[in-house]
Amino acid sequence: MKDSKFLSKISTELEGGWKEKPTVPLVTDGSLRNAEFYDSPYIGEIQSPPLEEKEDLFKFMEENWPTEITARCGFHFHFSLKSILF
């Protein structure tokens, strides 16, 4: 992240269901139960690549956000730092 003193890159994982096949690989997520989804033939988790710009992260999330979620769904971030000392 060029505008950050500490962060190098960031990525995210989005969990849920999609009505259409995601454009990025879909990974099985054991915490999700298929029976809880009504309109989503594609259920699991998608992962962004490591991104250097926050605008790219926002764009990935906007373009890939699940069309259906349940109480078991979530998302989280992975960070890499510019120095191991941080």
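Every value quoted in this text rests on a predicted model; they were computed, and no experiment measured them.
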- request: Check whether more than 12 heavy atoms from other residues, nucleotides or ligands sit under 6.0 Å from atom CD of Glu20, and answer yes or no.
  value: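 No.
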
Euclidean distance, [Y] [atom2] relative to [X] [atom1], rounded to 0.5 Å:
{"X": "Lys59", "Y": "Asn64", "atom1": "NZ", "atom2": "CG", "answer": "10.5 Å"}
{"X": "Ser48", "Y": "Ile10", "atom1": "OG", "atom2": "CD1", "answer": "8.0 Å"}
{"X": "Phe77", "Y": "Glu13", "atom1": "CZ", "atom2": "CD", "answer": "11.0 Å"}
{"X": "Asp29", "Y": "Ile43", "atom1": "CG", "atom2": "CD1", "answer": "11.0 Å"}
{"X": "Asn34", "Y": "Thr28", "atom1": "CG", "atom2": "OG1", "answer": "8.5 Å"}

Of all heavy-atom pairs between [X] and [Y], which one has the smallest distance, and what is that distance?
{"X": "Trp18", "Y": "Gly16", "result": "CZ3-O, 3.2 Å"}
{"X": "Pro49", "Y": "Ser11", "result": "O-CB, 3.6 Å"}
{"X": "Cys73", "Y": "Leu32", "result": "SG-CD2, 3.8 Å"}
{"X": "Met61", "Y": "Phe75", "result": "CE-CE1, 3.8 Å"}
{"X": "Leu7", "Y": "Ser4", "result": "N-OG, 2.9 Å"}

query: Checking Glu68 side chain against Asp39 main chain: does a donor-acceptor pair fall under 3.5 Å?
result: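 Yes.
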
- prompt: Does any N or O in the side chain of Thr67 come within less than 3.5 Å of the main-chain N or O of Lys19, such that one atom is a donor and the other an acceptor?
  reply: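 Checked: pair present.
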
message: If you apply the rule side chain to side chain donor-acceptor pair (under 3.5 Å), what do you find for Glu15 with His76, and how did you get there?
response: CA-CA 9 Å; Glu15 297 175 353; His76 63 272; 5.1 Å; no

- prompt: Do Leu81 and Leu51 sit in the same hydrophobic cluster, where Ile, Leu, Val, Met, Phe, Trp and Tyr count as joined when their side-chain heavy atoms come under 4.5 Å apart?
  reply: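 Leu81 clusters together with Leu51.
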
- prompt: So if you build clusters from Ile, Leu, Val, Met, Phe, Trp, Tyr with side-chain heavy-atom gaps below 4.5 Å, do Phe79 and Leu14 land together?
  reply: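 Cluster IDs for Phe79 and Leu14 match.
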
Full working for side-chain contact (heavy atoms from CB on, under 4.5 Å) between Lys82 and Lys5: CA-CA 8 Å; Lys82 292 182 177 177; Lys5 181 177 179 180; over 6 Å; no

- request: May I ask you to test the Phe60-Ile46 pair for a side-chain heavy-atom distance under 4.5 Å?
  value: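 They are in side-chain contact.
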
query: So do Thr12 and Leu57 actually touch side chain to side chain, heavy atoms under 4.5 Å?
result: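 With C-beta onward as the side chain, the pair touches.
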
